[in-house]
There are 2 protein chains.
Amino acid sequence: MIEPTGLRARKKARTHDAIADAAISLFLAHGFDQVSINDIAAAAEVSKPTLFRYFATKEDLVLHRFADHNGEAARVVRDRPPGVAPVTALHRHFRDGLDRHEPVTGLNDHPVVVAFHRLVFTTPSLAGRLTQYLLEDEEALADALGPGIEARLQAAQVLAVQRVLARTNWQKIADGRSAHDVHPEAVADADQAFTQLR
Amino acid sequence: MIEPTGLRARKKARTHDAIADAAISLFLAHGFDQVSINDIAAAAEVSKPTLFRYFATKEDLVLHRFADHNGEAARVVRDRPPGVAPVTALHRHFRDGLDRHEPVTGLNDHPVVVAFHRLVFTTPSLAGRLTQYLLEDEEALADALGPGIEARLQAAQVLAVQRVLARTNWQKIADGRSAHDVHPEAVADADQAFTQLR
DNA sequence: GTTACCGGGTTAAAAAAGCAACCGGGTCAC
DNA sequence: GTGACCCGGTTGCTTTTTTAACCCGGTAAC
């Protein structure tokens, strides 16, 4: 997967990042609804149509970071080593995420990450759009698990589990505890939840 | 002269500066002939045709700084206060340049300015193109001075004087002396030369 | 109750930039 | 001497970006 490193691609990536960075820092500073698209475009030194060529909606300016994880669950299942059950692979992957303190797991106490999550969870339109992403993820995972209603159900349950685990972790950290401190509980919760899934 | 502050103009100016800065720093580091247009375009993160849309020739990458002074002599004459002779106005303007240690006067000991001048004077194609610029300047000055052969002659003499004065100043500084040290001689030389012009 | 503004989002046309391929002159190898 | 390269510079086509204008829903003023 050697992507083109031409001038065009490089500048596109830079513009994308410039817009996203400007948007998120403005949102964190003043709140989602207090910042207009025009403000962001001006801060990123880009015109409004250009901004919308990179991000379909205002919400996506925030959520593209989650979108990066789009289809991740499905990929984990598809790429699992032979002889490993799908749920086991997902379990391991989630635990790896906890160990690496990945933001998606909620187990990250970096101030900007915490602030970012609070922004998402406390802004209705963002939380709403985020669930849309989760639904797409769910569908992809279902396809990876196979045909039939059982696959669909399992996919829904897995993503529900991950969502609850992540929110629980984030809540503990938002209450002031450190990621390191929370880690054991997070692992225990995950182990229990995933074991129950089988 | 309120120039547009739109995005287009701003980015154009930035691209222009990026190309010029990349070019000059590469030229100073490795010499004019040792650096190719492709090197400069790559360093400025710009394509070759784009580079040539901003600068007509390789030489102009260096000389656009002189080009900024294009028509300056003519402007000084046109804008002189009433009752002041053209040569007097030019004389004063040159002396102001000396006092402000403007690079065009040669009386500037900043290392990159000195290196820049050496680059120009020791590279034949650059020195050649520079005289082209001087000729245009001369014509403009002649027009500002009025019609007829006398105006043309005087214009030629004024620019010749300025050129010699600047080169003399630069030579002294290239020999290791400081601009502050050379300043009195430079003023004396200028006063003598301009007085003789009348 | 319209009038007028503001915010998210779209459109069409024109400018700018990128890319690839080329030209013409020089130079070096063989 | 001819074939292969490099360099300065150009050309035509495509992609990207800007600009200004607009649509639509909400909301505040009068």
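Please read all numbers here as calculations on a predicted model, not as lab measurements. Labels below follow one simple rule: chain letters A, B, ... track the order of the sequence lines, proteins then strands, and each chain is numbered from 1.
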Donor-acceptor pair between [X] and [Y] side chains, under 3.5 angstrom:
| X | Y | value |
| --- | --- | --- |
| B:Asn108 | B:His117 | no |
| A:Asp99 | A:His183 | yes |
| B:His30 | B:Asp39 | no |
| A:Tyr133 | A:Asp60 | yes |

Between atom [atom1] in [X] and atom [atom2] in [N], what is the gap in whole Å?
| X | N | atom1 | atom2 | value |
| --- | --- | --- | --- | --- |
| B:Ile37 | D:dT10 | CD1 | P | 10 Å |
| B:Leu126 | D:dG8 | CG | P | 12 Å |
| B:Phe52 | D:dG8 | CZ | P | 7 Å |
| A:Tyr54 | C:dT10 | OH | C1' | 18 Å |
| A:Ile19 | D:dT18 | CD1 | P | 8 Å |
| A:Lys12 | C:dA17 | NZ | P | 17 Å |
| A:Arg14 | C:dG18 | CZ | C1' | 14 Å |
| A:Lys48 | D:dT18 | NZ | P | 14 Å |

### Query
Among D:dT17, C:dG18, D:dG8, which nucleotide sits nearest the side chain of B:Lys58?
D:dG8
### Task
Looking at every strand, decide which applies to B:Ser47 at a 4.0 Å heavy-atom threshold: base, sugar-phosphate, or nothing.
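Since a base atom lies under 4.0 Å of B:Ser47, the category is base.
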### Task
Select base, sugar-phosphate, or nothing to describe what A:Gln34 touches, counting heavy atoms under 4.0 Å on all strands.
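No contact.
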### Query
Relative to the 5' end of DNA chain C, which residue comes earlier, A:Val35 or B:Thr15, by the nucleotide with the nearest heavy atom?
A:Val35
### Task
Please tell me which of A:Leu7 and A:Glu59 maps to the more 5' nucleotide of DNA chain C, matching each residue to the nucleotide holding its nearest heavy atom.
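First, find each residue's nearest nucleotide; the 5'-ward one identifies A:Glu59.
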Distance below 4.0 Å between [X] side-chain N/O and [N] OP1 or OP2:
| X | N | value |
| --- | --- | --- |
| A:Arg8 | D:dT16 | no |
| A:Lys11 | C:dG18 | yes |
| A:Thr50 | D:dT18 | yes |

### Task
Please work out whether the ring planes of B:Phe194 and B:Phe94 are parallel, tilted or perpendicular, with thresholds of 30° and 60°.
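The rings of B:Phe194 and B:Phe94 sit tilted, inter-plane angle from 30° to 60°.
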